[in-house]
Amino acid sequence: MAQISVTVDGVAYRDEVEPRLLLVHYLRDRLGRTGTPVGCDTSNCGACTVLLDGSSVKSCSVLAVQADGRSVTTIQGLSSNGDWHPVQHAFHQCHALQCGYCTPGMVLASVDLLSRNPDPSDTEIREGLEGNLCRCTGYQNIVAAVRSAGAVMRERAPQGEPQREQAGSGVA
Ligand code: FES
Ligand code: FES
């Protein structure tokens, strides 16, 4: 067993885990973060995407021990003081989901994308989200949602401050 200290959605945890335990199973089975789904067993679909120190990762391809000393944001910690993140708002407003299975991962991957590229073209959005699969929407509304969220976030971003600091700042 290995000791890990990890902050998840703003809450600090200290746990003993098996070295082979995947981060997604630690989040779901130990911490009850079932908002992070498992969509495949091939690291292919992106449904399990979370932010690790602000960068999106597929949590089924990361070991829990690799999160030691780091900060994880799941979809359950993305809102702040009860307010949805602009990407969550945009997905809702643009009807960017149907069954919703891909949505947690799609939203978190979009947050990461916008933190690195605040004003992406449609092509850049599609390329940035190519690791996240959606079987329902045809992607068009997802692209529109990311474009819309980017516009809102650029408007709100204080001059000169990197947007990454806004991402994953949720408090559980
Ligand atoms: S569950 Fe499909 S990529 Fe992680
Ligand atoms: S909304 Fe169903 S998989 Fe994307």
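In this chain, numbering begins with 1 at the start of the sequence shown. Both counts, for ligands and for their atoms, begin at 1 and track the order of listing. As the structure is a prediction and not an experimental result, all values here were calculated from the model.
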Would you mind listing which atoms of ligand 1 come within a distance below 4.0 Å of any non-hydrogen atom of C60?
1 (S), 3 (S), 4 (Fe)

In ligand 2, which numbered atoms sit nearer than 4.0 Å to a non-hydrogen atom of C136?
1 (S), 2 (Fe), 3 (S)

Nearest 10° is fine: what angle sits at atom 2 (Fe) of ligand 1 between SG from C40 and SG from C45?
110°

Going by the atom numbers of ligand 2, which of them fall below 4.0 Å from some non-hydrogen atom of G100?
1 (S), 2 (Fe)

Side chains of C102 and L133: does their closest heavy-atom pair fall under 4.5 Å?
no

N/O/S of C134 less than 2.8 Å from atom 4 (Fe) of ligand 2?
yes

For a distance under 2.8 Å, tell me if C48 has an N/O/S atom near atom 2 (Fe) of ligand 1.
no

Considering only heavy atoms from C-beta outward, does the side chain of M153 approach that of V87 to under 4.5 Å?
yes

List the closest protein heavy-atom neighbour of atom 1 (S) of ligand 2: residue, atom name, distance to the nearest 0.1 Å.
Q98 N, 3.2 Å

For G39, the ligand 1 atoms whose distance to one of its heavy atoms is below 4.0 Å
1 (S)

With a 3.5 Å distance limit and no angle check, can you tell me whether Q76 reaches the backbone of G35 through a side-chain donor-acceptor pair?
yes

Looking only at non-hydrogen atoms, find the nearest pair between H85 and L78 and report the distance.
CB-CG, 3.7 Å

Would you check if the side chain of R14 reaches a backbone N or O of S5 as a donor-acceptor pair within less than 3.5 Å?
no

Taking the basic N atoms (NZ, or NE/NH1/NH2) and the acidic carboxylate oxygens, is any pair closer than 4.0 Å for R126 and D122?
no

I'd like to check L31 versus D15 (side-chain heavy atoms, cut-off strictly below 4.5 Å). Are they in contact?
yes

Give the contacting part of S43 toward ligand 1: side chain, backbone, both or neither, where contact means a heavy-atom distance below 4.0 Å.
backbone

Taking atom CZ of R135 as the centre, report whether more than 12 heavy atoms of other residues, nucleotides or ligands fall under 6.0 Å from it.
no

On a heavy-atom basis, which atom in I125 and which in P120 lie closest, and how many Å separate them?
CG1-CG, 3.6 Å

Where ligand 1 meets G46 - atom numbers and elements under 4.0 angstrom, heavy-atom basis
2 (Fe), 3 (S)

Can you tell me which portion of N44 lies within the under-4.0 Å heavy-atom range of ligand 1? Options are side chain, backbone, both, or neither.
backbone

Examine all N, O or S atoms of C102, backbone included, and report whether one is under 2.8 Å from atom 4 (Fe) of ligand 2.
yes

Atoms of ligand 2 less than 4.0 Å from R135 heavy atoms?
3 (S)

